[in-house]
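Quick note on labels: first sequence line is chain A, next is B, and so on, each numbered from 1. From a predicted model like this one, the values you see are computed outputs, not experimental measurements.
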Number of protein chains: 2
Amino acid sequence: MRLSTKALYAVRAMVCLNLQKGGEPVSIREISARERISLTYLEQLFAKLRRSDLVRSVRGPGGGYVLARPAAEIALDAIIDSVEETLAPASCVEQKEPCCHGEQCVTHQVWLELGERIRDFLASISIEDLSRDALERRRGDLLNPETGELS
Amino acid sequence: MRLSTKALYAVRAMVCLNLQKGGEPVSIREISARERISLTYLEQLFAKLRRSDLVRSVRGPGGGYVLARPAAEIALDAIIDSVEETLAPASCVEQKEPCCHGEQCVTHQVWLELGERIRDFLASISIEDLSRDALERRRGDLLNPETGELS
DNA sequence: AACATTCCCGAGCAAAACTGTCAATTAAAG
DNA sequence: CTTTAATTGACAGTTTTGCTCGGGAATGTT
């Protein structure tokens, strides 16, 4: 019942984007260094985030990625959907495969509800929520006001 | 974010055990046939369920498995724990690995809470709950009162 | 125009996890 | 002592995951 690193990385990267001062583009290289995530792997994730209209890209020197919408309007479930991880706990919930043999399986309803709970929870949390938490945590900590990063 | 077939099968099998009339042992072979699950694979699952004291085994002819406790006292989270699927959505939640690099990661808290929601939900549902649903569904359907099974 | 920076795209690949199979053994009932 | 059924451990096929690699295209700088 683990989320893949895709989902984990994508959410962290999105927070990273939002914490950038002034809303200038952030390059994948920067995120890669800051979050210790493989550069080329991140490229793949951002390609998907872009296709889902969660980020916008800016090419050329000084370019990078920017959130496509206000952070408050980007919830975690959308990010996870974007990098193609399913939130359904069983394949029968998505009608990909028949549940069991013929009859609707006894447990079908449970997995359906579990999936709903998971999605509801993730949909209730936005990138802004996470960013706010991050900033609060930093207050009182050693904080480099230049980069907005822990030194 | 899928549950493994281990978890799915184990829950179905436990319901199967409970629906048996009179509480006589049910053989793995029977469950295998009824639920269309590989016999030898089921063996592995039941070995784990037994070690977790969720079922008791009865050897020899007429033997099989029985629930080790009343169905109302067996919740789904215990079953899934038993077959060794984690309910934590990220490895850092279980302290298996450090979250990110050094500092506690921004997203840590979210995955922690998500894990709690999932566990709470599954802990709130017992084998008895599922069995009751199954019986209600059968009522009005074609039902074989001998075996307690759909004909 | 040359160059550096950055996004963009597709193919490939090793390791791990998942989903089983197989063979041999032990225990109990009749 | 034969049959039924649990018990155990090793192993094998397939799929998914988590990347790497190699090249390209757009954009800004000098």
Side-chain angles (χ1 to χ4, degrees), chain A residues 1-10 12-13 17 20 24-33 35-68 80 83-86 88-91 96-97 100, chain B residues 1-10 12-13 17 20 24-68 80 83-86 88-91 96-97:
Chain A
M1 206 55 178
R2 283 267 163 79
L3 285 165
S4 63
T5 59
K6 279 197 184 79
L8 267 31
Y9 290 172
R12 276 162 59 193
L17 245 57
Q20 186 71 359
E24 307 123 21
V26 185
S27 75
I28 274 183
R29 188 175 299 275
E30 256 179 277
I31 297 179
S32 165
E35 300 283 338
R36 313 289 160 91
I37 299 172
S38 146
L39 183 85
T40 46
Y41 195 38
L42 266 181
E43 279 180 353
Q44 290 181 26
L45 301 186
F46 271 92
K48 292 178 179 174
L49 292 171
R50 191 174 57 84
R51 280 181 219 122
S52 312
D53 277 317
L54 294 174
V55 299
R56 277 206 335 270
S57 68
V58 181
R59 288 180 146 192
Y65 287 94
V66 198
L67 293 185
I80 296 175
V83 295
E84 278 160 24
E85 174 156 339
T86 177
S91 61
K96 298 249 176 181
E97 303 169 33
C100 327
Chain B
M1 207 53 180
R2 283 267 164 80
L3 286 165
S4 63
T5 58
K6 279 196 183 81
L8 268 30
Y9 290 171
R12 276 162 58 192
L17 244 55
Q20 185 71 358
E24 307 123 24
V26 185
S27 73
I28 276 183
R29 188 175 300 275
E30 255 179 277
I31 298 179
S32 165
R34 199 177 288 185
E35 299 284 338
R36 313 290 159 92
I37 299 173
S38 147
L39 183 87
T40 47
Y41 195 38
L42 266 180
E43 281 177 354
Q44 288 181 28
L45 302 186
F46 271 92
K48 291 178 180 176
L49 292 170
R50 193 175 58 83
R51 281 181 219 120
S52 311
D53 278 317
L54 293 173
V55 299
R56 275 204 339 267
S57 67
V58 181
R59 289 180 144 192
Y65 289 93
V66 198
L67 293 186
I80 296 176
V83 295
E84 279 159 25
E85 174 157 340
T86 178
S91 60
K96 298 248 176 183
E97 302 171 33

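Interface remark: the A:Gln44 side chain does form a donor-acceptor pair with the D:dT20 base, using a distance-only criterion of under 3.5 Å. Residue-to-nucleotide contacts include no donor-acceptor pair under 3.5 Å from the side chain of A:Glu43 to the base of C:dC7.
Residue-level contact check: A:Phe46 touches neither bases nor backbone, having no heavy atom under 4.0 Å from any strand.
Considering every non-hydrogen atom in both A:Ser32 and A:Ser38, the closest pair reads OG-C, 4.2 Å.
When the side-chain nitrogen and oxygen atoms of B:Arg50 are compared with OP1 and OP2 of D:dT7, one or more of them lie within a distance under 4.0 Å. Contact annotation: A:Ser38 does not reach the phosphate of D:dG18 (side-chain N/O to OP1 or OP2, under 4.0 Å). Residue A:Thr40 has no polar side-chain atom (N or O) positioned under 4.0 Å from OP1 or OP2 of D:dC19.
In terms of position on DNA chain D, the residue among B:Arg29 and B:Ala47 whose nearest nucleotide sits closer to the 5' end is B:Arg29. Where A:Tyr41 and A:Val58 each meet DNA chain D at their nearest nucleotide, the meeting point lying more 5' is that of A:Tyr41.
Atom pair A:Ile37:CD1 and D:dG18:P shows a separation of 12 Å (rounding to whole Å applied). Atoms OH (B:Tyr65) and P (C:dA28) sit 14 Å apart, rounded to a whole Å.
Every salt bridge (charged side-chain N to carboxylate O under 4.0 Å, His left out) that A:Lys48 has, sequence neighbours left out, goes to A:Glu84.
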